[in-house]
Visitor: 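One structure follows; several queries about it will come next.
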2 protein chains.
Amino acid sequence: MFNRMSKTQKVDTFRGASLPAYQRIAAAIRDKIASGELAGGQQLPTELELAEQWGVARQTVRNGIAVLVSEGLVVARRPLGHFVRKREHMLYRPQGESRDQPASPEMDRFCQQIIEEGRVPSQTIDVSLVQAPPDIAERLRVDPGTVVVARRRVRYINGEPININDSHFPLDIVKDSEIMSPADVARGTNQALADLGYPQDRAIDEIYTRMPTPEQIRRLDLGPGTPVAVHYVTGYVADGTPVRCTVNVLPSDQHVIVFERKFERTWS
Amino acid sequence: MFNRMSKTQKVDTFRGASLPAYQRIAAAIRDKIASGELAGGQQLPTELELAEQWGVARQTVRNGIAVLVSEGLVVARRPLGHFVRKREHMLYRPQGESRDQPASPEMDRFCQQIIEEGRVPSQTIDVSLVQAPPDIAERLRVDPGTVVVARRRVRYINGEPININDSHFPLDIVKDSEIMSPADVARGTNQALADLGYPQDRAIDEIYTRMPTPEQIRRLDLGPGTPVAVHYVTGYVADGTPVRCTVNVLPSDQHVIVFERKFERTWS
DNA sequence: AGGGCAACATTGACTAGACAATGTTCAACC
DNA sequence: GGTTGAACATTGTCTAGTCAATGTTGCCCT
């Protein structure tokens, strides 16, 4: 077989700044997605078509598509082809969880813009005694390995897992309480904690974002190219003792994390 | 060349649940990283060594390593090999930016654990009039394309870009003010806004996480497998008019986003 | 009409090899 | 001693092909 260019692959068509072919292919498709020429849900040309169009091997096209997949722009649906991913955001509001805080008109506006209808929420709860992993131990200020109560929830919307919510409590303060029961606590675990004599006075929120572990991919049924946000909430009673450490794991492309802040009298 | 197995590639050694080879390779290395057997900064075996160890083609090893790279666990340093990435977190505290808020002892503790010494911060500022992009326009409640003031900052630590911080203001309220000058505003732009008669009363924080656009990769000099957190802050004056919309882009693996919340009298 | 089965198109996994790109290292030279 | 440059090891890019896996589609038979 003879090719017109004897082996050089950089030169073959030197438009652009001579990026590798697979990156040029990725960029071209990315641009079409950004410009709307390829809309969400629409199908890409097949690998073979693209290979022919660009005059490269199928593997090179695959490399290009792999870039887009890892960026979360494209998904493969096996025997059909590749499709532009459509993304829509879901609201995650740490401050508003099951309780009505002041919520200004601006906050209401945001929520209304995002919340949609026809959602069927459900959850699974599982309570167990576990040895505190290092991250939890550090935040609850106990030695790693100390036994704590873990209340693990996976929340679903329309049957799809939407977030992981694992709360941890020091064993001695929740022992024999309602919190130990693997059922929904109607008034909220925070209220339950307060009733036990540990009203939370303040909390610290930490948000990390990273690519998920395989375990998280499994529990949340994530596609490739989906980063997760890991949100720790550590709750303290008035004297500064931590009484709760919750880990939320949110698939990033399905959530917006929303906080509201009031500037009491710090400036103006 | 004869192989003992005539073409079947699934069976060749059927330990585990018969995942594809490249995934088994990735998992094996990932485990070694998680267990600490391969510590941060340490070098992986070369592709050829791994190919021989596992009895597969080099390309298959490459696919496995690509998984780890896209997870942000491993980086390539070209003629040397692949190395386990070392990650350290940097503090990002929306509430504490250049102003001392109450900051409880717990918050101090967190900051001390994370902040390190010997850091040389610097920044570039650039102020321009731009047509509001859709996301900004929506939050400032103006029509897209309306001219607004954009105050763009890139912050560096030890010369490395650490975050993008773009603040947007309605043109009419900051016109001819200090905010229009591309220099650091010592007392903070929020104080400057207040002095102009627009004291902010509250703000809404939205946090999205996603894989970065190529433009963000360029501006922040990101490696592969690094998601970014996009943090919008919209500030409102008492009557509910938005007067500021700031977009922060943070490379995720370099930041923790930390909030502190007080539970005024909502529960207990 | 419906259920099941076979053909099919497409992506997924893998091989064996070639050549390019690129910092590192070290020896030779000034 | 310092600089230059060549050899080198390693990853990066690409080809051309094979076979596997997997939903979809539509035909065929009941």
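A quick note: this is a predicted structure, and the numbers were derived from the prediction, not measured. Within every chain, numbering begins at 1; the chains are lettered A, B, ... in the order of the sequence lines, protein sequences first and strands thereafter.
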Visitor: Can you see whether A/Tyr232 engages A/Asp135 through a side-chain donor-acceptor pair at a distance of less than 3.5 angstrom?
Guide: yes
Visitor: Let me know the distance between CD of B/Gln59 and C1' of D/dT11, rounded to the nearest Å.
Guide: 11 Å
Visitor: Taking only side-chain nitrogens and oxygens of A/Thr60, does any of them come within less than 4.0 Å of OP1 or OP2 of D/dT15?
Guide: yes
Visitor: Can you check side chain to side chain donor-acceptor pair (under 3.5 Å) on A/Ser35 and A/Arg30, steps first, answer last?
Guide: CA-CA 9 Å; A/Ser35 75; A/Arg30 190 189 297 113; over 6 Å; no
Visitor: Of the listed nucleotides (C/dC14, D/dC14, C/dA9), which one gets closest to any side-chain atom of A/Pro79?
Guide: C/dA9
Visitor: Using rotation axes that map the C1' atoms of four end pairs onto the next four (five pairs an end), what angle separates the end axes of the helix from C/dA1-D/dT30 to C/dC30-D/dG1, to 10°?
Guide: 10°
Visitor: From D/dA9, D/dT13, C/dG12, pick the nucleotide closest to the side chain of A/Arg78?
Guide: C/dG12
Visitor: Output the rounded distance in Å from CG (B/Leu48) to P (D/dC8).
Guide: 17 Å
Visitor: Might you work through the side-chain contact (heavy atoms from CB on, under 4.5 Å) test for A/Asp205 and A/His231, ending with a clear yes or no?
Guide: CA-CA 7 Å; A/Asp205 294 90; A/His231 175 208; 2.7 Å; yes
Visitor: What's the shortest heavy-atom distance between A/Ser128 and A/Arg152, and which atoms?
Guide: OG-NH1, 3.4 Å
Visitor: Between A/Leu19 and A/Arg24, which heavy-atom pair has the shortest distance, and what is it?
Guide: O-NE, 3.1 Å
Visitor: How close or far is atom P of C/dA9 from atom CG of A/Leu80, stated in whole angstroms?
Guide: 13 Å
Visitor: Please report, rounded to the nearest Å, how far the P atom of C/dG23 is from the NE2 atom of B/His82.
Guide: 14 Å
Visitor: Nearest whole angstrom, please: distance from the P of D/dT10 to the CD of B/Gln43.
Guide: 8 Å
Visitor: Could you tell me which non-hydrogen atom of B/Val228 sits nearest to which non-hydrogen atom of B/Pro212, and how far apart they are?
Guide: CG1-CB, 3.8 Å
Visitor: Using a 4.0 Å heavy-atom cut-off across all strands, classify B/Arg77 as base, sugar-phosphate, or nothing.
Guide: nothing
Visitor: Is the shortest distance from a Lys or Arg side-chain nitrogen in A/Glu71 or B/Arg210 to a carboxylate oxygen in the other one below 4.0 Å?
Guide: no
Visitor: Mind calculating the distance between CZ (B/Arg62) and C1' (C/dG12) to the nearest angstrom?
Guide: 18 Å
Visitor: Using whole Å, report how far OH of A/Tyr22 lies from P of C/dA20.
Guide: 17 Å
Visitor: Let me know the distance between CZ of B/Arg58 and P of C/dA13, rounded to the nearest Å.
Guide: 19 Å
Visitor: Which residue lies toward the 5' end of DNA chain D, A/Asn63 or B/Thr46, if each is placed at its nearest nucleotide?
Guide: B/Thr46
